[in-house]
Amino acid sequence: MTNLEIAELLRKVAAAYLILNENRFKIIAYERAADSVEHLTSEVKDLWNDGKLKEIPGVGETLQKHLDELFRTGHVRHFEEVLGKLPASIYPLLLVPGIGPKKAYKLVSELKLNKAQTVIEDLEKAAVGHKIAPMEGFGEKSEADILANIETYKKGAIKENRMVLSEADQVALDVINFVKAGGGVKHIDTLGSLRRQVSTIGDIDISVATTEPETVIERFITYPHQKLIEKGPTGASLLLHNGKQVDLRVQKPEAYGAMLQYFTGSKNHNIKLRSLALNQGKSLNEYGIKNTKTNKLSEYPTEKAFYEAIKLPWIPPELREDRGEIEAAIHGKLPHLVELPDIRGDLHIHSSYDLESSHDVGAQSADLYLSEAARLGYDYVGFSDHNPSVGNHTEEQIVEIMKRRKDDYEHKYYSWVQKVLKTRTPLRKASAGLPQMFLMCEVDILPDGKLALPDSAFDYVDAVVVSVHSSFNQSREVMTRRVVTALTSHEKVRIFGHPTTRLLGKREGVEYDWDLIFEACKKQNIALEINAHPSRLDLPDNIVYDAKKQNLRFSIDTDAHAVDQMILMKYGVSVARRGWATKHDIVNSQEYNDFKDWLVKGAKP
DNA sequence: GCCGTTTTCGGCCCGACTGTTTTCAGTCG
């Protein structure tokens, strides 16, 4: 059973308990355990195998017993007993927006919707036949809402509705400019998961500091949309034509700090923060901090002041996932996270130089990438074109191609340097020299773990990135062995590229026994890549977090296939930050000489 | 059902919005 399936099961039990009027804290406990399981890095089943179930936050003695029974026997008698008290057709309805456990139960029992497979269609028919409006607690409006929400559900179920970060940035920027143009805006920010830089974004959250809330909200709801979801004095929500939801909230400038904090989340971070505050006699909300004795509300214009009022330092948004950041803040142990200006070079770049590979070449020639690297103030850059295809060449031909490539690149580099120095192209960093070049290669890890570059061809590169580009469906064991073999097969293997090979919204990442991968990387002083391309963001942040705990190092690279993709570095930095990485955890935040010692001589980073 | 910098017992985040209600329940984030 996968983590997602287990989380779903726990949520079903929580929903059943809610309908059965169980103790509400028990319900919360099940929901919390479900959240926790869903966000876990490791498979619950593996933890069970290792006797580590109790390490899952929110899973106590009782749930451990239940999960143990689940893995031993395939089912949990207690869960089946609880779920069996209610018709199975209520659970699919919970996926429809606006329908929670209570409504689902009422609809199912009063309309006798007993077929779980067709319950949504059956409900739709009931609504069309005006069977819902006469029911107690429902009306004309809720009947129409149910129809509309079933539509939304169907659309969402068909196409993946989450955005990658760069796409969310675009949408947010457009809305922000539109709202700003309406006037009355003192500050405007994107909050929620976008501010926390989660790898995929569901809704866009925007907040505005203003003394004219009505003007701002009225302006916002004229942004082109297909549906006004809700509107009140504190904000509004729109469903855009592209199917994305945008929520806007307003707050007066004096109390804006509380709004920023509240709306940034995450939910679990806020819950923990509020319970911490309660212990100090303070109650947190989006307006400020209430003294629980006097009921007096204090306001804070900035987020920093808000955190300080509950005796905490300001916590970077990327950390706000309840992964230990509040405890770290209490003890003054928040990490000093890596920042974009710390990055000194990009090691995974594809130019248009044709290596007769079976993969894509880049869009422009090397000198244009070099100029962009100079503009970005980088100290070095590595060209990691794909290796020549193995199927179409003999070993001798591959060596010949690599040899010729080295000569060509070196020639290109020196003529670029000469050209730049002669024309005195203005560089961002006037004092620094031009970026140095490393000649690298992105080498396929073949299905059997061999590298797709013959040993004798390694003489013509400084170092290589190794990556999986085929046979993604191998088992976890085979895949782990494959990669470990590759990582330990040549001393010039320095970076493990886009390790999980995931493509957000398109392809799931492959699975490894990460402990073995980490061990191999450590042994060889290899860096795990954090691929910054918004559709990859690979390593995923939760694995960065685990790897960082085991003292692994990372290389943040763009995998640019065009010059204009080199600015995507910021998304990779976000992933590193979400994984708690500092400047010292990132190999390419080192200055040139130290970096070269690691890359070329294999020194400890 | 979980959990611990007041606690192994006694707490458990907080408010907005909506529809159907004459005061609240359900859902959501």
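Numbers restart at 1 for each chain; the letters A, B, ... are given by sequence-line order, proteins then strands. Just the heavy atoms: all of them, side chains too, but no hydrogens, waters or symmetry mates, feed the values below.
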Engineer: Distance between the C1' atoms of B:dT23 and B:dC17, in whole angstroms?
Structural biologist: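 These two C1' atoms come out 16 Å apart once rounded.
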
Engineer: Would you mind reading off the distance between A:I56 atom CD1 and B:dC2 atom P, rounded to a whole angstrom?
Structural biologist: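 Value for this atom pair: 11 Å.
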
Engineer: Need one value for A:L284: base, sugar-phosphate or nothing, where a base atom within 4.0 Å counts as base even if backbone is also close, heavy atoms only.
Structural biologist: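 Sugar-phosphate only.
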
Engineer: From C-beta outward on A:H66, which listed nucleotide comes closest to its side chain: B:dG1, B:dT6, B:dT5?
Structural biologist: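 Nearest to the side-chain atoms of A:H66, counting from C-beta on, is B:dG1.
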
Engineer: Map A:I229 and A:S283 onto DNA chain B by nearest heavy atom, then report which one ends up closer to the 5' terminus.
Structural biologist: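 Nearest-nucleotide comparison on DNA chain B picks A:S283.
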
Engineer: Expressed in whole Å, how much space separates the C1' atoms belonging to B:dG19 and B:dC13?
Structural biologist: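 Nearest-Å result for B:dG19 against B:dC13 at atom C1': 25 Å.
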
Engineer: For B:dC2, does OP1 or OP2 lie under 4.0 Å from any side-chain N or O of A:T62?
Structural biologist: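 Result: yes.
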
Engineer: Expressed in whole Å, how much space separates the C1' atoms belonging to B:dT21 and B:dG26?
Structural biologist: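 So the two C1' atoms sit 13 Å from each other.
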
Engineer: Describe the nucleic acid contact of A:L63 in one word from base, sugar-phosphate, nothing, applying a heavy-atom distance below 4.0 Å.
Structural biologist: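 Touches sugar-phosphate only.
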
Engineer: Starting at atom CD1 of A:I289, determine the distance to atom P of B:dC14, rounded to an integer number of angstrom.
Structural biologist: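 It works out to 12 Å between those atoms.
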
Engineer: Is the CD atom of A:Q64 crowded by more than 12 outside heavy atoms at less than 6.0 Å?
Structural biologist: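 Atom CD in A:Q64 is packed in, count exceeds 12.
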
Engineer: What are the two closest heavy atoms between A:Y256 and A:S207, and how far apart are they?
Structural biologist: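 Shortest heavy-atom contact: OH-OG, 2.8 Å.
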
Engineer: Take atom CD1 of A:I271 and atom P of B:dC14, then tell me their distance rounded to the nearest Å.
Structural biologist: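 Computing the A:I271:CD1 to B:dC14:P distance gives 10 Å.
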
Engineer: Take atom C1' in B:dC3 and the same atom in B:dT7, then report the distance between them in whole Å.
Structural biologist: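 About 10 Å, rounded to a whole number of Å.
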
Engineer: Contact class for A:L278 (heavy atom, under 4.0 Å): base, sugar-phosphate, or nothing?
Structural biologist: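 Sugar-phosphate contact only - A:L278 comes under 4.0 Å of backbone atoms but never of a base.
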
Engineer: Using the C1' atom as the reference point in each nucleotide, state the distance between B:dC14 and B:dT8 in Å, no decimals.
Structural biologist: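 To the nearest whole Å, 28 Å.
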
Engineer: Quick one: does any side-chain atom of A:T292 pair with a main-chain N or O of A:G281 as donor and acceptor, under 3.5 Å?
Structural biologist: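 At least one qualifying donor-acceptor pair exists.
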
Engineer: Determine, using ring centers only, whether A:H66 and A:H78 are less than 6.0 Å apart.
Structural biologist: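 Yes.
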
Engineer: For A:K272, answer base if it contacts any base atom (sugar-phosphate contacts may also be present), sugar-phosphate if it contacts only those atoms, and nothing otherwise; contact means non-hydrogen atoms under 4.0 Å.
Structural biologist: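 No contact.
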
Engineer: Show the nearest heavy-atom pair for residues A:P92 and A:I120, with the distance to one decimal.
Structural biologist: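 Shortest heavy-atom separation between A:P92 and A:I120 comes out as O-CD1, 3.9 Å.
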
Engineer: With a sphere of 6.0 Å drawn around NZ of A:K45, does it hold more than 12 non-hydrogen atoms of other residues, nucleotides or ligands?
Structural biologist: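 Not more than 12 within 6.0 Å, no.
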
Engineer: Could you tell me whether A:H269 contacts a base, only the sugar-phosphate backbone, or nothing, with contacts defined as non-hydrogen atoms closer than 4.0 Å?
Structural biologist: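 If one applies the 4.0 Å heavy-atom cut-off, A:H269 turns out to touch nothing in the nucleic acid.
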
Engineer: With the sugar-phosphate defined as primed atoms, P, OP1 and OP2, and the base as all remaining atoms, what B/S/- string results for nucleotides 19-29 of chain B, 5' to 3', for protein heavy atoms under 4.0 Å?
Structural biologist: SSS----SSSB

Engineer: Between B:dG11 atom C1' and A:N23 atom CG, what is the distance in whole Å?
Structural biologist: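 It is 11 Å, rounded to the nearest whole Å.
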
Engineer: Rounded to the nearest angstrom, tell me the gap between atom CZ in A:R24 and atom C1' in B:dG11.
Structural biologist: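 It works out to 11 Å between those atoms.
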
Engineer: Can you give me the closest heavy-atom contact between A:R577 and A:V338, atom names plus distance?
Structural biologist: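 What the structure gives for the nearest pair is NH1-O, 2.9 Å.
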
Engineer: Between B:dT27 and B:dT20, how many Å separate the two P atoms, rounded to a whole number?
Structural biologist: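 One P to the other, the span is 14 Å.
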
Engineer: Round to a whole Å and report the spacing from CD of A:Q280 to C1' of B:dT5.
Structural biologist: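 About 11 Å, once rounded to whole Å.
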
Engineer: Tell me whether A:Y105 at atom OH has more than 12 heavy atoms from other residues, nucleotides or ligands lying less than 6.0 Å away.
Structural biologist: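 No, OH of A:Y105 has 12 or fewer neighbouring heavy atoms, counting only those of other groups under 6.0 Å.
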
Engineer: Could you say whether A:F25 or A:I330 is positioned toward the 5' end of DNA chain B, judged by the nucleotide with the nearest heavy atom to each?
Structural biologist: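 The answer here is A:I330.
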
Engineer: Side chain of A:E230, heavy atoms from C-beta onward: which of B:dT18, B:dT5, B:dG15 has the nearest atom to it?
Structural biologist: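 From the listed options, B:dT18 comes nearest.
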
Engineer: Step through the shown structure and confirm whether more than 12 heavy atoms of other residues, nucleotides or ligands are within 6.0 Å of CD on A:Q226.
Structural biologist: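 Yes.
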
Engineer: When you compare B:dC12 with B:dT6, how far apart are their C1' atoms, in angstrom units rounded to a whole number?
Structural biologist: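 Those two atoms are separated by 16 Å.
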
Engineer: How close or far is atom P of B:dC2 from atom OH of A:Y17, stated in whole angstroms?
Structural biologist: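 Interatomic distance, OH of A:Y17 to P of B:dC2: 10 Å.
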
Engineer: Measure CG/A:L248 against P/B:dA16 and give the value in whole Å, please.
Structural biologist: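 Interatomic distance, CG of A:L248 to P of B:dA16: 16 Å.
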
Engineer: Using a heavy-atom cut-off of 4.0 Å across all strands, would you classify A:K290 as base, sugar-phosphate, or nothing?
Structural biologist: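 A:K290: backbone/sugar contact only, no base atoms under 4.0 Å.
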
Engineer: Report which part of the nucleic acid A:N285 touches: base, sugar-phosphate, or nothing (heavy-atom distance under 4.0 Å, all strands).
Structural biologist: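 Touches sugar-phosphate only.
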
Engineer: For the side chain of A:P233, counting heavy atoms from C-beta on, which of B:dT5, B:dA16, B:dC17 is nearest?
Structural biologist: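 Looking only at side-chain atoms, A:P233 lies closest to B:dC17.
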
Engineer: Does B:dG11 have a Watson-Crick or wobble mate here (both distances under 3.5 Å), and if so which one?
Structural biologist: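 Because both required distances fall under 3.5 Å, B:dG11 counts as paired with B:dC2.
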
